[in-house]
Asks: 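Before we start, here is the structure in question, set down as structure tokens.
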2 protein chains.
Amino acid sequence: MQSGTAPPSLKSLAAALGLSTATVSRVLSGQGERYRISRVTRDRILAQAHGSGLVVDQLARSLRLRRTLTLGLVIPDISNPFFAQLARQIERHARHRGYAVFIADSEEDAAVEAQAVTLMLSRQVDGLILAPVGTPGTGAALHALRQRPCVLVDRLLPEHSLPAVSSDHRQGAVLAVRHLVERGHRRIACVQGSPGTFANDERIAGWRSGMQAAALACPDWLIRGSGYSIEAGVAAAHELLQLPQRPSAVLALGNLLALGVLRAVREAGVLIPDELSLVAFDDQLWATVTSPPLTIIEQPIEELGRQVLELLLERIAGPMNDPPERRILPARLIERGSVRSLAPIPPASCNPSP
Amino acid sequence: MQSGTAPPSLKSLAAALGLSTATVSRVLSGQGERYRISRVTRDRILAQAHGSGLVVDQLARSLRLRRTLTLGLVIPDISNPFFAQLARQIERHARHRGYAVFIADSEEDAAVEAQAVTLMLSRQVDGLILAPVGTPGTGAALHALRQRPCVLVDRLLPEHSLPAVSSDHRQGAVLAVRHLVERGHRRIACVQGSPGTFANDERIAGWRSGMQAAALACPDWLIRGSGYSIEAGVAAAHELLQLPQRPSAVLALGNLLALGVLRAVREAGVLIPDELSLVAFDDQLWATVTSPPLTIIEQPIEELGRQVLELLLERIAGPMNDPPERRILPARLIERGSVRSLAPIPPASCNPSP
DNA sequence: TTGTAAGCGTTATCAC
DNA sequence: GTGATAACGCTTACAA
């Protein structure tokens, strides 16, 4: 047995220095002052620790402390740019606070989601951030979610009453509709994502509300699509283009759906914005280089990330019992080139006064 | 003291059943057969476990087993679609094999990267997947990387001789140049990412090799840009457009750079492909809806993810000493609409036979 | 100012 | 077939 190559550990370090593990632990965990460890031993320990490249085992530490400094993040699709950007913000803030973060992709599948949550819970994460699949009746994760602090993001779960952060999907849709109405559009269609899902339904509600505010009809046949994929967007757009009463504008409720609409429109030889106007949810880097550049509803992703982490850390620190807080952040419209003005400024000049 | 609400644990379950923790552990870890636990106790334990929703504490388990079933993934920018898609694949495969994965965004910063690696190492990950920042001389993570299995992806570190998986950046660039040359282009410029970085330099090397194969000059002034951001792409493209000897084609070495080129070209009122041809690295969902759709070099992201995980699990299972394996996967060119043919098919029809 | 020892929740070794 | 019990590497009363 070669004893020279013991894996660096607090214990081995103590042995090498002829000190007790207690003393070493106290210094390494920054409690040297509190325990009045002498300057010299403190320095000896620190020097040796750096020299040997010692990294204290957080596993053992966590077991003892009942706290892992670890968070879990479960999102429906990492490769969706919206969620990718969100994940980036969350991880960055978490790292700055000393937390490591587990990530999982639920693939928009409630079973996978439940499995991922369990996996993280078993690793004793201190808290969980969840952008739930959220198809109704998906309470599989329910039992688990009560055990540890958990904050929802983007999509709320009406049934669960958990704290949550999301952008104001409804107001965003209202903004879009108003923008279109002001430019003379009357028949405004929706290409939706997953019906039954919080964000989607809120956006639909916003569309309804915006239409009604303009005294416009909002029949169900103006709503098409199901699922947040490009293909779904293509299909929905094709349906809309073939309508006898073709809409003059389309509101796409997701960035992938917008891509689908663009693709369908190109296939059909329809021109944007000349023959069809388009407003889409979620700003993307590519939204300025499509032709035309897309007018979009932007969600404050950075702020969403910041606040959801803040809220989670609050829940971890404080009591979990207080009424679940919900933070709704405003969306805003960014005007680019995909909307045509049908009714130009009231043609006063063409209307000779009597 | 209320003893009724003990947190569900292997121990509490054993107590409730009047069994020893040993027995319960054996059953719960699937070793019931091996230890010849009787059918009845086995069933009793399983039933109780499911009933109480017990999730065994992987923390304690890992401490004992010296194995966490946890991996670490460090990438330079989660919101870059290439890395987002890669992360998705890796996480998915890891999950299927029972591994949880830590993610971190190194922000293209070697110090952040080192910090993230340490964070994960301290959590005793079984292995690490790293897309290193890779600016030369970035050996900060070095000491750590020898301690645990680690596989590089996308960018190799010549200095470190670690196992790695990446696409064939060089061959991809050769493909692009050949495609352009075949269509009559002679002055082909490069908009590069971070010089000194593996992927970037390989692509530049491929460009050189392709140019030389066609007996074309490849002066340094045809290479512009530094950094993988859109802004860098815009700046580089502007420089190229103002050149007295303006190139007829541009090779963008990253998807964000391609966006930058598109933006710059639009600002300058230059038409693609009529006045400038463009080939870009990395396929993206939006690459078909730009105008024109982009001709691109596609990396096999799914396969990269699959193989890097496979390689890592091999290293975890087997000995770490064998020579570090490197897998280089071929890239391919997808032709769309951003390249113009300068030399049309030999005009035989206009060339009346004698 | 430092050491001793119990314990975090699990698994493996040895008994019976 | 099952149960004691000693680790795993760390923290923290309690002693000294």
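Naming convention: chains lettered A, B, ... in sequence-line order (proteins, then strands); numbering from 1 in each chain.
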Asks: Choosing from dG9(C), dG1(D), dC10(D), which nucleotide comes nearest the side chain of V56(A)?
Replies: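 Of all the options, the side chain of V56(A) is nearest to dC10(D).
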Asks: Scan G32(B) against the nucleic acid and name what it touches under 4.0 Å (heavy atoms): base, sugar-phosphate only, or nothing.
Replies: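 Nothing, no heavy atom under 4.0 Å.
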Asks: Run through V125(A), D126(A), L130(A) and flag the one making a side chain to side chain contact (heavy atoms under 4.5 Å, CB included) with L128(A).
Replies: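 It is V125(A), the one option of V125(A), D126(A), L130(A) that forms the side chain to side chain contact (heavy atoms under 4.5 Å, CB included) with L128(A).
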Asks: Quick one: CG on L73(A) to CD1 on I103(A), what's the gap to the nearest 0.5 Å?
Replies: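 Answer rounded to 0.5 Å: 5.0 Å.
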Asks: Output yes when at least one side-chain N/O atom of Q31(A) is less than 4.0 Å from OP1 or OP2 of dT12(D), else no.
Replies: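 The answer is yes; a side-chain N or O of Q31(A) sits under 4.0 Å from OP1 or OP2.
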Asks: Round to the nearest Å and state the distance from R34(B) atom CZ to dT2(D) atom C1'.
Replies: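 To the nearest whole Å, that distance equals 15 Å.
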Asks: Tell me the interatomic distance from R61(B), atom CZ, to dA7(D), atom C1', rounded to whole angstroms.
Replies: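 Computing the R61(B):CZ to dA7(D):C1' distance gives 16 Å.
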Asks: Does the pair Q85(B) and R88(B) meet the rule for a side-chain hydrogen bond (donor to acceptor under 3.5 Å, both in side chains), with working shown?
Replies: CA-CA 5 Å; Q85(B) 287 170 250; R88(B) 183 173 150 90; over 6 Å; no
Asks: Could you state the CZ-C1' distance from R26(A) to dC10(D), rounded to the nearest angstrom?
Replies: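 Rounding to the nearest Å, CZ of R26(A) and C1' of dC10(D) are 13 Å apart.
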Asks: Of the nucleotides dT2(D), dA5(C), dT1(C), which one has an atom closest to the side chain of T41(A)?
Replies: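 From the listed options, dT1(C) comes nearest.
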Asks: Please state how far atom CG in L59(B) lies from atom P in dT11(C), giving the value in whole angstrom units.
Replies: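 Distance check: L59(B) CG to dT11(C) P gives 12 Å.
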Asks: Let me know, please, whether S12(A) or G18(B) comes out on the 5' side of the other along DNA chain D by nearest nucleotide.
Replies: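 Upstream on the strand: G18(B).
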Asks: Can you figure out which of dT10(C), dA12(C), dT2(D) approaches the side chain of L10(B) most closely?
Replies: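 Looking only at side-chain atoms, L10(B) lies closest to dT10(C).
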Asks: What is the separation between atom CG on L65(A) and atom C1' on dT12(D), rounded to the nearest whole Å?
Replies: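 Interatomic distance, CG of L65(A) to C1' of dT12(D): 10 Å.
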Asks: Does this structure show an ion pair linking E310(A) with R306(A), if we count only N-O contacts that are shorter than 4.0 Å?
Replies: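 Looking at R306(A) together with E310(A), the answer is yes, because their closest N to O distance falls below 4.0 Å.
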Asks: Please determine if a side-chain N or O atom of S62(B) lies less than 4.0 Å away from the OP1 or OP2 oxygen of dC8(D).
Replies: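 Checking S62(B) against dC8(D): no side-chain N or O falls below 4.0 Å of OP1 or OP2.
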Asks: Which part of the nucleic acid does S25(B) contact within heavy-atom distance under 4.0 Å: base, sugar-phosphate only, or nothing?
Replies: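 The answer is base, as S25(B) lies within the cut-off (heavy atoms under 4.0 Å) of a base atom.
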Asks: So which nucleotide from dT2(C), dC8(C), dT11(D) ends up closest to the side chain of R66(A)?
Replies: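 Looking only at heavy atoms from C-beta outward on R66(A), the closest nucleotide is dC8(C).
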Asks: Please tell me which of the listed nucleotides, dC8(C), dG3(D), dA12(C), lies nearest to the side chain of R64(A)?
Replies: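 Of dC8(C), dG3(D), dA12(C), dC8(C) is nearest to the side chain of R64(A).
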Asks: I37(A) CD1 to dT12(D) C1': how many Å, rounded?
Replies: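 Between C1' of dT12(D) and CD1 of I37(A): 12 Å.
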Asks: Can you tell me how far C1' of dC8(D) sits from CG of D57(B), to the nearest Å?
Replies: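 From D57(B) CG to dC8(D) C1': 13 Å.
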Asks: With sugar-phosphate meaning primed atoms plus P, OP1 and OP2, does L19(A) contact a base, only sugar-phosphate, or nothing at under 4.0 Å between heavy atoms?
Replies: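 The residue L19(A) makes sugar-phosphate contact but no base contact.
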Asks: Check every strand shown and say whether Q58(A) touches a base, only sugar-phosphate, or nothing at a heavy-atom separation below 4.0 Å.
Replies: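 No contact.
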Asks: Given dT12(D), dA12(C), dG9(C), which nucleotide is nearest the side-chain atoms of L63(A)?
Replies: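 That would be dG9(C).
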Asks: Between R66(A) and D57(B), does at least one N-O distance fall below 4.0 Å, as a salt bridge requires?
Replies: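 Yes, R66(A) and D57(B) are salt-bridged.
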Asks: Send over the distance from K11(B) NZ to dC8(C) C1', rounded to a whole Å.
Replies: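 Going from NZ in K11(B) over to C1' in dC8(C) covers 8 Å.
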Asks: Which nucleotide wins on minimum distance to the side chain of S20(A), given the candidates dT4(C), dT1(C), dA12(C)?
Replies: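 Of the candidates, dT4(C) comes closest.
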Asks: Are E113(A) and R155(A) within salt-bridge range, i.e. N to O under 4.0 Å?
Replies: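 A salt bridge is absent here (no side-chain N lies under 4.0 Å from a carboxylate O).
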Asks: If the cut-off is 4.0 Å, is T23(A) near the phosphate of dG3(C), judged by side-chain N/O to OP1 or OP2?
Replies: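 Result: yes.
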Asks: So, does T21(A) get its side chain near the phosphate of dC10(D), meaning an N or O under 4.0 Å from OP1 or OP2?
Replies: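 For dC10(D), neither OP1 nor OP2 has a side-chain N or O of T21(A) closer than 4.0 Å.
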